[in-house]
Amino acid sequence: MKHTGFIFDLDGVVVDTAKYHYLAWKKLANQLGFEFTIDQNELFKGVSRKRCLEILLDIGGVIATQKQFDTWMIEKNEDYLRYIEAMDSSEILPDVPKVLNYLKSNKIPIALGSASKNARPILEKVNLLSYFDVIVDGNHVTKAKPNPEVFLMAAEQLGINPENCIVFEDAVAGIQAANAAKMISIGIGDAKILSEAKYNFLDFTHIELSFLETLIS
Ligand code: B16
Ligand code: MG
């Protein structure tokens with residue numbers, strides 16, 4: 001068996017927190033007097049909180065002082081935290097546990113590589129924290145995806161060479177980050193959008209254990 005490691009993005013791969021991010025950003029946009037659509041929310045996937053607010057203010061044509069910017073970042077996160085407070089394991093995306101259990105039973109190291117600063121509490125809420133040997137999230141990185149920093153840090157902490165790491169990602173920038181890290185990228189979602197990935201699956205229900213076996217053997 002090869003010495004391989006698996007790295008999971010969080011939002012859009014393990015759980016669908018995008019809908020909660022959307023509701024919290026929409027509330028802020030409405031409070032500032034403009035609309036924020038579900039299509040515009042696509043631009044926010046895999047993007048840091050700070051960058052999301054910059055994009056949101058651009059959409060609304062709002063110029064903010066540094067103090068307002070910092071206040072709105074806090075307000076949005078407080079709203080988002082209220083949504084994730086109610087999360088439980090029913091929100092794990094289909095067949096994610098199937099893949100995690102397979103990797104665990106084969107003693108394959110598992111990491112999380114996410115832009116979110118709330119990754120750890122979310123994993124706790126949905127009862128998946130114990131699966132992850134390593135967590136690298138928005139609290140640890142300085143460079144956002146498509147920079148490979150988050151995944152390279154995860155590989156280093158797993159003690160696995162980047163070229164032997166497999167990354168599950170739902171965002172274009174995340175696939176680009178995995179490719180830049182010379183890792184095997186697997187796009188979860190629309191294959192047309194994630195065309196730069198080495199492999200594509202609509203979701204984990206389409207991933208056969210035999211496919212995982214070929215990656216690790
Ligand atoms: P937070 P991922 C990303 O998670 C989300 O896709 C993105 O929409 C969000 O802005 C970012 O986390 C930061 O999240 O505000 O919780 O720090 O896809 O990288 O797991
Ligand atoms: Mg994501």
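Read the numbers this way: they start at 1 and go in the same order the structure lists the ligands and their atoms. One is the number of the first residue; the rest follow in order along the sequence.
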Beyond-backbone contact of I207 with D95, side-chain heavy atoms, under 4.5 angstrom
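Not touching, per the 4.5 Å side-chain cut-off.
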Side chain proximity check, Y199 to I166, heavy atoms < 4.5 angstrom
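No, side chains not in contact.
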Under 4.0 Å from a heavy atom of [X]: give me the atoms of ligand 1 that qualify, with their elements.
| X | result |
| --- | --- |
| N118 | 1 (P), 16 (O) |
| V47 | 7 (C), 9 (C), 10 (O), 11 (C), 13 (C) |
| C52 | 10 (O) |
| D9 | 2 (P), 18 (O), 19 (O), 20 (O) |
| K145 | 19 (O) |
| F44 | 7 (C), 8 (O) |
| L10 | 20 (O) |

Does any donor atom in the side chain of [X] or [Y] lie under 3.5 Å from an acceptor atom in the other side chain?
| X | Y | value |
| --- | --- | --- |
| D11 | T17 | yes |
| T142 | E149 | yes |
| T37 | D39 | no |
| S89 | N127 | no |

Charged N to carboxylate O below 4.0 Å: is that the case for K50 and E54?
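Here K50 pairs with E54 in a salt bridge, since their nearest N and O are under 4.0 Å apart.
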Using a strict cut-off of less than 4.0 Å between a Lys/Arg side-chain nitrogen and an Asp/Glu carboxylate oxygen, indicate whether D70 and K67 qualify as a salt bridge.
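Salt bridge: no.
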I'd like to know whether ligand 1 has R51 as a neighbour, heavy-atom separation below 4.0 Å.
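It does not, in that no heavy atom of R51 comes within the 4.0 Å cut-off of ligand 1.
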So for G46, does at least one of its heavy atoms come nearer than 4.0 angstrom to any atom of ligand 1?
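Flag set, G46 near ligand 1.
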Return the residue, atom name and 0.1 Å-rounded distance of the protein heavy atom closest to [atom].
| atom | answer |
| --- | --- |
| atom 5 (C) of ligand 1 | D11 OD2, 3.3 Å |
| atom 19 (O) of ligand 1 | A115 N, 2.7 Å |
| atom 14 (O) of ligand 1 | S116 CA, 3.4 Å |

Distance-only N or O hit between ligand 1 and S114, under 3.5 Å
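Checking ligand 1 against S114, an N or O pair does fall under 3.5 Å apart.
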Check this for me - ligand 1, K117, N or O atoms closer than 3.5 angstrom, yes or no?
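Yes, since at least one N or O of K117 sits under 3.5 Å from an N or O of ligand 1.
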Give me the protein N, O or S atoms that fall under 2.8 Å of the Mg ion (ligand 2), sorted by chain and residue number.
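Per the 2.8 Å query on the Mg ion (ligand 2), atoms found are D9 OD2, D11 O, D170 OD1.
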Can you classify the ring geometry of [X] versus [Y] as parallel (below 30°), tilted (30 to 60°) or perpendicular (above 60°)?
| X | Y | answer |
| --- | --- | --- |
| F204 | F8 | parallel |
| H21 | Y80 | parallel |
| F44 | W25 | perpendicular |

Given the rule that I, L, V, M, F, W and Y join up when any side-chain heavy atoms are under 4.5 Å apart, are F211 and L194 in one cluster?
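No.
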What part of T17, side chain, backbone, both or neither, has a heavy atom within less than 4.0 angstrom of ligand 1?
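It is neither; nothing of T17 touches ligand 1.
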Is the contact between H21 and ligand 1 made by the side chain, the backbone, both, or neither, using heavy atoms and a 4.0 Å cut-off?
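Side chain only.
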With sequence neighbours left out, which residue pairs that include part of residues 111-136 fulfil the salt bridge (charged side-chain N to carboxylate O under 4.0 Å, His left out) condition?
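Every pair satisfying salt bridge (charged side-chain N to carboxylate O under 4.0 Å, His left out) with a residue in residues 111-136: E85-K125, K104-D133.
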Pick whichever of R49, M73, K50 has a heavy atom sitting closest to atom 15 (O) of ligand 1.
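Among R49, M73, K50, the closest heavy atom to atom 15 (O) of ligand 1 comes from R49.
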Output, in order, the C-alpha distance, side-chain angles, deciding distance and verdict of side-chain hydrogen bond (donor to acceptor under 3.5 Å, both in side chains) for Y131 and N101.
CA-CA 8 Å; Y131 283 92; N101 282 321; 2.7 Å; yes
